[in-house]
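One structure is given here, and the rest of the page talks about it.
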Number of protein chains: 2
Amino acid sequence: MRNSSFNNVPESIVGRLASYHRCLKNAASNGQTVIKSSDISKLCGIKATVVRKDLTHFGEFGIKGKGYNITTLSSNIEEIMGLNTEKRVILIGAGNLGTALLKYPGFSGANFKFLAAFDIREEIIGTSINSVPILHIDKLGAFLKSNEVQIAILTVPSQEAETIASQLHNCSIKGILNFTSAILKSDDGKFYIRNIDLSKELEVISFCMKKCLKNKEEK
Amino acid sequence: MRNSSFNNVPESIVGRLASYHRCLKNAASNGQTVIKSSDISKLCGIKATVVRKDLTHFGEFGIKGKGYNITTLSSNIEEIMGLNTEKRVILIGAGNLGTALLKYPGFSGANFKFLAAFDIREEIIGTSINSVPILHIDKLGAFLKSNEVQIAILTVPSQEAETIASQLHNCSIKGILNFTSAILKSDDGKFYIRNIDLSKELEVISFCMKKCLKNKEEK
DNA sequence: AAGTGAAAGTGATAACTTTCACATACATTA
DNA sequence: TAATGTATGTGAAAGTTATCACTTTCACTT
């Protein structure tokens, strides 16, 4: 690989890498061994030239005239994205969205290990979802003391987000995936926070349907 | 407004407009009547100069030396985004994710009207979630014939996505919000499709935690 | 073993987005 | 009513991202 530290990688590329990765996994499970940038293009809805340009940002993984070896490319992307080492994850808020994420196929295949989910509703404490035990939120602090966790997923009601987030300091957590509409900020830069607002999507599509969006037609 | 058609609006601006809109709604519910770009900046985590630049793209909504009238700006954004007319929405796949979306606070306030949800599981047919009736997926075609629906939200298993999407042709639907990991494409350009892959987010955060992301620190 | 086709990689260019410094105009106060 | 402070709006420049035509290299064929 050209550059093993990968500083200054635009977020746009990272998002696409994740798409390529999924695409490669699918192709592999179909028994395919080689894939062309034009195939990835069709499957991911991203132009072939962009696919190639993205990949060359990290090295030369292809075979000219042939395509990319799926196994090789896949493991390279995994290394680039840090998916080759297991990430331990907890989920806070086992409501419908939280449950959906716990049941999501594909997480486990991508080296994410859900250690536990936390909730406040007594009736589900002690049960488990997709083999992930549900603990009471009061146990969160103790759990973080005795377990090394890298990522927390927040699927609590928005108004709880700040309070919960403040409990995640001074532990091993480095990343927060925030699905509440509260916008969390990492004041001290201690962890990386990714805010995902699902309700925003409906508004965006409302605008886009007016065909006012600059149409960047995907190849 | 400078330009009533708003062609060529970058998607990045649209996404931020939705954030501003939410922010304005919150401020209004706190009894605020005026807001400064620097306030919006803090609340949305977007630089104040970006906020102003985004808004001037559509017109001059502010009062110099004072800020923006919340009511005025809010209704302008609603007009820009097409939120001033009611959008009728159906949801296909009333699993955990679908249920989460049906229960999401904020949709109804933004002029989205959920007409019905569709599923295949007999045990929930006839019930309702958040007052939205759940119908059998077999009824989808007939429903679309007798009801004008603008948006479909897809929260079915990924492998069903294509099949379902093909049933959405030749009706009033213009936009599809696809939460499955299948990437749908609008071959004929008949409708606008927005693919949202939640599982991608975990992979992105995995990369970002390595601090390799070009850090565009929000103000 | 040379020729051919096919697809990756490259570097310059174009298009887009963000940033910045500054001009502008409103509201408030004296 | 004039002066002042404050926050918006603007246009140029910087920075970033995508595009495109072209070169390179590999595999396969004859």
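Quick note on labels: first sequence line is chain A, next is B, and so on, each numbered from 1. Everything numeric here is computed off the predicted structure, so don't read it as measured data. Atom set for the values below is all heavy atoms of this structure, side chains included, hydrogens, waters and symmetry mates excluded.
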Please enumerate all protein N or O atoms sitting under 3.5 Å from an N or O of nucleotides 11-14 of chain D, with distances to 0.1 Å.
unit_1: dG11(D); atom_1: N7; unit_2: Lys53(B); atom_2: NZ; d: 3.0
unit_1: dG11(D); atom_1: O6; unit_2: Lys53(B); atom_2: NZ; d: 2.8

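A 6.0 Å sphere centred on CG of Asn170(A) holds no more than 12 heavy atoms belonging to other residues, nucleotides or ligands.
At whole-Å resolution of the value, NZ in Lys42(B) and P in dA7(D) are 10 Å apart. When rounded to the nearest whole Å, the span between CD of Glu11(A) and P of dA18(D) equals 12 Å. At whole-Å resolution of the value, CG in Asp54(A) and C1' in dA8(C) are 14 Å apart. Atom CG of Asn69(B) and atom C1' of dA25(C) are 17 Å apart (whole Å). Taking atom CD1 of residue Ile70(B) and atom P of nucleotide dT8(D), one finds them 12 Å apart after rounding to whole Å. Phe61(A) has its CZ atom 9 Å from the P atom of dG9(C), to the nearest Å. Going from atom NE2 of His57(A) over to atom C1' of dT10(C) covers 14 Å, rounded to whole Å. As rounded to whole Å, 12 Å separates atom C1' of dA7(D) from atom CD1 of Ile40(B).
Between Ser37(B) and dT8(D) there is a side-chain polar atom (N or O) within less than 4.0 angstrom of OP1 or OP2. At least one side-chain nitrogen or oxygen of Lys47(A) sits closer than 4.0 Å to the OP1 or OP2 atom of dT19(D). Distances shorter than 4.0 Å separate none of the side-chain N or O atoms of Arg16(B) from OP1 or OP2 on dT17(C). Note on Arg52(A): a side-chain N or O is less than 4.0 Å away from OP1 or OP2 of dA8(C). Between Tyr68(B) and dT6(D) there is no side-chain polar atom (N or O) within less than 4.0 angstrom of OP1 or OP2.
Counting all heavy atoms, side chain and backbone alike, Phe179(A) lies closest to Tyr104(B) at O-OH, 3.3 Å. Closest approach of Leu17(B) to Ile77(B), counting heavy atoms only: O-CG2, 4.0 Å.
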Between Ser199(B) and Arg22(A), does the side chain to side chain donor-acceptor pair (under 3.5 Å) criterion hold? Intermediate values first, please.
CA-CA 10 Å; Ser199(B) 67; Arg22(A) 171 169 324 281; 2.4 Å; yes
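Considering only side-chain atoms of Lys66(B), the nucleotide from dC20(C), dT24(C), dA27(C) that sits closest is dA27(C). Side-chain proximity of Glu60(A) to the nucleotides dA27(D), dA27(C), dG9(C) is greatest for dG9(C).
Once rounded to the nearest 0.5 Å, the distance linking OG of Ser206(A) with CG of Asn111(B) reads 9.0 Å.
Nearest-nucleotide positions on DNA chain D place Ile13(A) closer to the 5' end than the other of Ile13(A) and Gly65(A). Judged by closest nucleotide on DNA chain D, Leu55(B) is the one of Ile63(A) and Leu55(B) placed further toward the 5' end.
Remark: of the listed residues Ile92(B), Leu140(B), Leu144(B), Leu140(B) is the sole one forming a side chain to side chain contact (heavy atoms under 4.5 Å, CB included) with Gln167(B).
Using cut-offs of 30° and 60° for the angle between ring planes, the Phe191(B) and His169(B) rings count as tilted.
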